[in-house]
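Below is one structure, written out as structure tokens, with a few remarks after it.
In what follows, every chain begins at residue 1, and chains take the letters A, B, ... in the order their sequences are listed. Values reported hereafter were calculated over all heavy atoms of this structure, with side chains retained and with hydrogens, waters and symmetry mates removed.
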Amino acid sequence: MLNSTHNVENPIFQKNFFNDFQAIIKKTGGAKDPQGKPIQIKEFSKCDFRTIFEHYEKLRAEKKAMSAAEKKAAKAEKDAAEAPYMYCMWDGRKQKVGNFRVEPPALFRGRGEHPKTGTVKTRVMPEQITINIGKDAPVPAPPEGHRWKEVRHDQEGTWLAMWQENVNGNYKYVMLAANSDVKGQSDYKKFEKARELKKHIDRIRKDYKKGLKDELMVNRQRATAVYLIDQFALRAGNEKGEDEADTVGCCSLKFEHVTLKPPNTVVFDFLGKDSIRYYDEVEVDPQVFKNLKIFKKPPKKEGDEIFDRLTTSALNKHLSSYMPGLTAKVFRTYNASYTMATLLKKMSATGTIPEKVKQYNDANREVAILCNHKRTVAAGHADQMEKLSDRVSKQPFITSYLILDQLAISRKQPI
DNA sequence: ATTCTGACTTGTTCGAATTGTT
DNA sequence: AACAATTCGAACAAGTCAGAAT
């Protein structure tokens, strides 16, 4: 909460927090004035939470003021307390666990205009937690006086524990760390699948090019969507509920997100995943331009979906007919990896190390642009660093697509 | 067919750790 | 040594997508 003015100033955040806050006050016996007389708390703006803030500031200061030796001792103590939870045995092998802690109570910080931002995310009790563990393994004891919701022996799932969070009803899982065997294996499979796509991409591209003129509107929409996903690395775009931030992907694009500039320029302007703006002005295949014009034809108006005959599941079903396991997201992996690999091949092997690093970073940045990866410029730096826009891709921070380029490097220079 | 449930990946942000600077 | 700047990993919100339920 300390560094979160952005959230705290948001009226929706305040309203949601205050509703929950009032309910909790009521449930816990009501508020009292210093004389112990019951009082009503009616207005958020009149509440002063500073003492809580100051309390945490004090703890922080105390921690900071510790001597080096004290800090070291505190860390050792913390590490020792965590040690028993860091690893598990998985099919007889020791594996690192990712998030072994249950998420603590907090104010939900939904991104963008999330209708529930600021809501109190309540403490998770053992009675809400399902444990997934080997049939013969000793089940970890729940805290004194409590019991687990359920103990399962699911051999297929990759999670160790699971609960449902109260704000959105989302499932939360304790799983293995990214560098564990299972995660590494599935990451490997992901890239293998993207590599597999390389064998089919020509056929798929030819096919959707043809499909752009299909007289069946459903097929024409589908072909157009695949075109956009392939060419501009758009996400699939599942439908979203009322209780979520209003963001879109390809299949959920609305009338107002696409502007047509003859002869064949399209302007995309919409909020995508994490409410990050996707803005791009691009030239498209003339038939794609014509199609989008048809899909936007009256009586369609603002708020209506462009691909009204298309769902992500229909799209994925169609894609899987080209290749088992092919879905919309594979195109992102494929195109990101392909771009990276191409740029790395183009990279000159000569030059100083800093020069090579720069070329590598430039390549990485280009992939970030393709995928529309952005992050907020740090509050203090915002004004001086950037006048053009508030969000800028300053540094390469591609992680999920990195494995392939590391592979590419290791092939060039064995060991 | 459509909606719901559940499990998994993806991506941003935050805070801790590390490194650089005075 | 003290502080700022930068880097890195953990946290967790927000997606994707398959399969079950309606």
Side-chain angles (χ1 to χ4, degrees), chain A residues 1-4 6-7 60 63-65 67-68 71-72 74-75 78 82 86 96-104 106 108-112 114 116-117 119 121 130 132 152 154 156-160 162-165 167-179 182-183 186-187 189-191 193 229 234-241 243-252 271-276 311-317 319-320 325-333 336 368 371-381 391 393-402:
Chain A
M1 249 224 293
L2 302 178
N3 204 3
S4 197
H6 158 72
N7 285 308
R60 241 153 71 104
K63 211 172 140 194
K64 212 178 153 194
S67 72
K71 279 181 187 167
K72 209 173 156 189
K75 187 168 188 309
K78 188 173 158 246
E82 286 179 355
M86 298 263 286
K96 187 131 183 263
V97 179
N99 54 330
F100 50 81
R101 248 180 288 263
V102 160
E103 290 174 20
F108 171 70
R109 305 207 297 204
R111 307 207 243 262
H114 198 297
K116 294 194 173 179
T117 195
T119 305
K121 192 170 79 171
T130 303
N132 187 27
R152 257 191 238 184
D154 179 353
E156 306 305 318
T158 70
W159 52 274
L160 309 176
M162 177 259 269
W163 73 93
Q164 229 171 338
E165 148 271 326
V167 177
N168 300 294
N170 288 332
Y171 294 85
K172 298 283 186 161
Y173 299 88
V174 172
M175 289 182 182
L176 297 189
N179 58 6
V182 236
K183 291 288 184 187
S186 86
D187 219 28
K189 278 187 189 153
K190 174 183 77 185
F191 288 110
K193 205 193 281 176
I229 286 167
L234 300 190
R235 295 188 182 82
N238 285 300
E239 289 303 323
K240 295 192 72 185
D243 283 349
E244 298 173 277
D246 194 7
T247 61
V248 299
C250 183
C251 294
S252 48
L271 297 182
K273 181 175 178 179
D274 294 307
S275 292
I276 283 170
T311 63
T312 52
S313 63
L315 182 108
N316 282 334
K317 209 165 168 191
L319 290 176
S320 71
L326 183 62
T327 61
K329 79 195 267 288
V330 181
F331 283 83
R332 263 172 89 79
T333 314
C371 293
N372 201 43
H373 282 171
K374 295 178 182 186
R375 62 177 165 189
T376 310
V377 174
H381 295 206
R391 307 188 95 142
S393 164
K394 279 254 162 261
Q395 281 138 5
F397 45 94
I398 300 280
T399 50
S400 37
Y401 302 117
L402 207 61

Under 4.0 Å between a side-chain N or O of [X] and OP1 or OP2 of [N]?
| X | N | answer |
| --- | --- | --- |
| A/K329 | C/dG15 | no |
| A/S186 | B/dT9 | yes |
| A/K172 | C/dA13 | yes |
| A/H114 | C/dA13 | no |
| A/T327 | C/dT16 | no |
| A/R235 | B/dG11 | yes |
| A/K75 | B/dA16 | no |
| A/R152 | B/dA7 | yes |
| A/K183 | B/dC8 | no |
| A/N238 | C/dG15 | no |
| A/N99 | C/dA10 | no |
| A/S313 | B/dT2 | no |

Could you tell me whether [X] contacts a base, only the sugar-phosphate backbone, or nothing, with contacts defined as non-hydrogen atoms closer than 4.0 Å?
| X | answer |
| --- | --- |
| A/G249 | nothing |
| A/K121 | sugar-phosphate |
| A/A245 | nothing |
| A/T312 | nothing |
| A/T158 | sugar-phosphate |
| A/G237 | sugar-phosphate |

Grab the [atom1]-[atom2] distance between [X] and [N] for me, whole Å please.
| X | N | atom1 | atom2 | answer |
| --- | --- | --- | --- | --- |
| A/N179 | C/dG9 | CG | P | 10 Å |
| A/Y173 | C/dA11 | OH | C1' | 18 Å |
| A/L234 | C/dG15 | CG | C1' | 14 Å |
| A/R109 | B/dG11 | CZ | C1' | 16 Å |
| A/K189 | B/dT9 | NZ | P | 10 Å |
| A/E82 | C/dA10 | CD | P | 10 Å |
| A/E103 | B/dC14 | CD | P | 15 Å |
| A/D246 | C/dA13 | CG | P | 20 Å |

Practice task
Any chance you could measure A/E239, atom CD, to A/E244, atom CD, to the nearest 0.5 Å?
Solution key: 10.5 Å
Handout entry: Separation between OG1 of A/T119 and CG of A/D243, rounded to the nearest 0.5 Å
Key = 9.5 Å
Handout entry: Base of B/dT9 paired with side chain of A/K190 (donor-acceptor, under 3.5 Å)
Key = no
Can you check whether [Y]'s main-chain N or O pairs, donor with acceptor, with [X]'s side chain at less than 3.5 Å?
| X | Y | value |
| --- | --- | --- |
| A/K172 | A/E103 | no |
| A/K240 | A/A245 | yes |
| A/N132 | A/T158 | no |

Exercise for the section: Apply side-chain contact (heavy atoms from CB on, under 4.5 Å) to A/L319 and A/V330, showing your working. Expected result: CA-CA 10 Å; A/L319 290 176; A/V330 181; over 6 Å; no
Exercise for the section: Tell me which of A/R111 and A/G157 sits closer to the 5' end of DNA chain B, going by the nucleotide each one is nearest to. Expected result: A/G157
Counting only side-chain heavy atoms from C-beta out, which of [options] sits nearest to [X]?
| X | options | result |
| --- | --- | --- |
| A/I276 | C/dA13, C/dA18, B/dT12 | B/dT12 |
| A/K96 | B/dA7, C/dA18, C/dA10 | C/dA10 |
| A/W159 | B/dA7, C/dA18, C/dC12 | B/dA7 |
| A/R101 | B/dC14, C/dA11, B/dT12 | C/dA11 |

Completion exercise
The salt bridge (charged side-chain N to carboxylate O under 4.0 Å, His left out) partner of A/D274 among A/R109, A/R235, A/R111 is A/R111
